[in-house]
Each structure stands twice: as C-alpha cells, then as structure tokens.
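Everything quoted here is computed from the prediction, not taken from an experiment. Only heavy atoms go into these numbers, but all of them, side chains included; no hydrogens, no water, no symmetry mates.
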Amino acid sequence: VAHPAQLGFQNAASPIMEELLHFHDHALMIVFLISALVLYIISLMLSTKLTHTNSMDAQEVEMIWTILPAIILILIALPSLQILYLMDEINNPHLTIKAIGHQWYWSYEYTDYESLLFDSYMIPTCDLSPGGFRLLEVDHRVVIPMESPIRILISAEDVLHSWAVPALGIKTDAVPGRLNQTTLITSHPGLFYGQCSEICGSNHSFMPIVVESTPLKHFEAWSKTMIS
C-alpha cells in the first residue's frame, strides 16, 4: 500500500512489476544523462562568447546528433517491447477469474469452479476494523494462490471501468460488451490494494480492489468454504 509522501512506486509483488521497475530506472537514467548534457551545453553557451564556426557546420557533428538519438531510442524501445510481450503472454494459466465492473462495485467469477462467485463492495468507514484502510477495504477479497499463473478476464456491465492493482503491475480497462484479459503471478503472499482507475461516475472512488495471495492449501480451504 502506498504511504503518505511516497515518491516512488509500490514494492513489486509480481515478476512483471519487477521488470517494469527495472525499465523505469533504465529509462530514467537515460533521461538524466540527456538532461545533464543539455544543461551543460546551455550553461557553456551562456558563459562564453566564443563560437567555433567550423564545429557548428561540421558534417561529423550533424551525424552524431542524428545517429545518437536513434541509438538511444533503440535502447529504450527494445526492453519496452520485451515487457509488453511478457504482459500479453498467457501460457497455461492454473486459474481463471472473471472480474465484472458495475456501478459501483466489482463482481468476480472463478470460472474453474461451478458456483464460486461473489460481489465485492467497499467497507464503509464506520464499519472498518482497527487498522483497516479507508476507501480500500472490501467485504470479499479476490483470493489467489501464490506463484501460480492466473488469467483475469475483465469486462463491465454498464460504463467504462478499469481494474488496476499497482503492486502487481496491472491496469486493464473494463469495457461493456468487450472481454479483455491479463495475467498475473504473485511472488509472495500478502494483500495488494487497487482501485478502479477510470472516471466511471459519482462513486468512482468507491470501487476498491483487494487481491489476497495465499499458499495453495489456504486457497483450497477458502474455495471450499465459499462454495459450501
């Protein structure tokens, strides 16, 4: 969960989010080096009146400032394309969950089970237990087994929504009449909070998402409890 005055991302809870954090640091370092170089050139031009006309008109300089940006773009594009491919790759998921957005709550269906489905509403502030997070806790969490590939099918029943969990690196639009899919693998047990990140109406900020990652035996015990 993000904390007050936090400047960086939440801690990664999935391999995809770890890759996204590495790519962010990679791109930020390139931006930092370019900004430092531009700042140095600007300060150099402002601090001296000397101009070397031969270097300003040189073909070599023009080749450098044409080829160098192309190389930089390639260094950014290649890892970006790799992460995009990994985010879209779904290979033999162990579990499929269908998330449907409503005004203004989520409903979930575990399609591998016959009758495992429930609605997930935000817990009002007055009903929160001590230590609960305001506007983030729900009455029914999405429980998944850890270290297992999970396929999430996302849709909406009324207006546009968006199923987003920052710690898992997931943000997928829920569109009425359309079925989007994404995949996730949690690397450790825990609670991961998210919200609808689409402005879907007056209660847009009251559509929290809580994903609970547990060991497989705990997930099986929970599923039997929910079905019975």
Side-chain angles (χ1 to χ4, degrees), residues 1-91 93 136 146-147 149-152 154 160-175 180-188 190-199 204-205 209 211 213:
V1 177
H3 55 78
Q6 178 174 334
L7 297 179
F9 294 99
Q10 297 182 25
N11 293 331
S14 68
I16 291 296
M17 189 58 189
E18 291 179 3
E19 293 294 329
L20 289 172
L21 290 178
H22 292 325
F23 175 71
H24 169 266
D25 296 339
H26 169 72
L28 194 63
M29 183 56 63
I30 293 176
V31 171
F32 174 76
L33 293 176
I34 293 175
S35 301
L37 177 61
V38 172
L39 182 62
Y40 171 74
I41 294 175
I42 292 176
S43 61
L44 200 63
M45 293 178 65
L46 293 176
S47 60
T48 179
K49 296 181 180 179
L50 299 178
T51 302
H52 198 279
T53 56
N54 292 332
S55 63
M56 295 294 290
D57 296 332
Q59 293 292 328
E60 292 81 2
V61 176
E62 293 184 5
M63 291 180 61
I64 291 174
W65 73 44
T66 301
I67 296 176
L68 188 59
I71 295 176
I72 294 174
L73 290 176
I74 292 174
L75 292 177
I76 296 176
L78 290 181
S80 175
L81 293 173
Q82 181 184 16
I83 296 176
L84 286 174
Y85 176 79
L86 292 175
M87 293 175 69
D88 288 337
E89 181 69 14
I90 299 178
N91 187 19
L136 287 177
M146 59 177 286
E147 296 180 343
I150 310 296
R151 176 172 57 187
I152 310 292
I154 302 169
L160 291 175
H161 299 283
S162 185
W163 204 81
V165 184
L168 301 177
I170 292 179
K171 182 182 182 297
T172 303
D173 288 339
V175 183
N180 293 327
Q181 69 176 0
T182 185
T183 183
L184 64 91
I185 302 176
T186 55
S187 54
H188 56 81
L191 292 177
F192 312 113
Y193 294 86
Q195 287 178 304
C196 174
S197 57
E198 191 77 47
I199 301 178
H204 152 72
S205 57
I209 301 162
V211 177
S213 174

In a table with atom names and distances, give each donor-acceptor pair under 3.5 Å that connects a side chain of residues 7-17 to protein atoms at least two apart or in another chain.
unit_1, atom_1, unit_2, atom_2, d
S14, OG, M17, N, 3.3
S14, OG, L168, O, 3.0

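Residues satisfying the side-chain contact (heavy atoms from CB on, under 4.5 Å) criterion with P149, sequence neighbours excluded, are H94, I185.
Here the side chains of L191 and V211 are not in contact, with every heavy-atom distance at 4.5 Å or above. You'll find the side chain of I72 reaches within 4.5 Å of the side chain of I34, heavy atoms only. Counting heavy atoms from C-beta outward, M87 and I83 have side chains that approach closer than 4.5 Å. Within the 4.5 Å cutoff, the side chain of H188 has no heavy atoms near those of the S213 side chain.
In this structure, CH2 in W163 is found 8.5 Å from OG1 in T182, a value given to the nearest 0.5 Å. Atom OG of S197 and atom CD1 of I170 lie 11.5 Å apart (nearest 0.5 Å). Atoms CG and CG, on L28 and L21 in that order, are 12.0 Å from each other to the nearest 0.5 Å. With values rounded to the nearest 0.5 angstrom, I74 atom CD1 is found 11.0 Å from L81 atom CG. Remark: H22 NE2 to D25 CG distance equals 8.0 Å, nearest 0.5 Å. Atom CG of residue L46 and atom CD1 of residue I41 lie 12.0 Å apart, to the nearest 0.5 angstrom.
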Item checked: Test log, rule side chain to side chain contact (heavy atoms under 4.5 Å, CB included), inputs T183 and E89 -> CA-CA 8 Å; T183 183; E89 181 69 14; over 6 Å; no

Note to self: Set out, in order, the CA-CA distance, both residues' side-chain angles and the distance that settles side chain to side chain contact (heavy atoms under 4.5 Å, CB included) for F192 and T186, then state yes or no.
What the structure shows: CA-CA 10 Å; F192 312 113; T186 55; 4.0 Å; yes

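H161 places no side-chain N or O within 3.5 Å of a backbone atom of I154 that could act as its donor or acceptor partner. For S80 (side chain) and I76 (main-chain N/O), no donor-acceptor pair under 3.5 Å exists by modelled atom type.
A pairwise comparison of heavy atoms in P93 and R151 identifies CB-CB, 3.9 Å as the closest pair. Counting all heavy atoms, side chain and backbone alike, L136 lies closest to G194 at CD2-O, 4.2 Å. Between P166 and Y193 the shortest heavy-atom distance is CD-O, 3.5 Å. Closest approach of C196 and H204 over heavy atoms only: O-CE1, 2.9 Å.
When the shell of 6.0 Å around CD1 of I199 is examined, it contains 12 or fewer heavy atoms from other residues, nucleotides or ligands.
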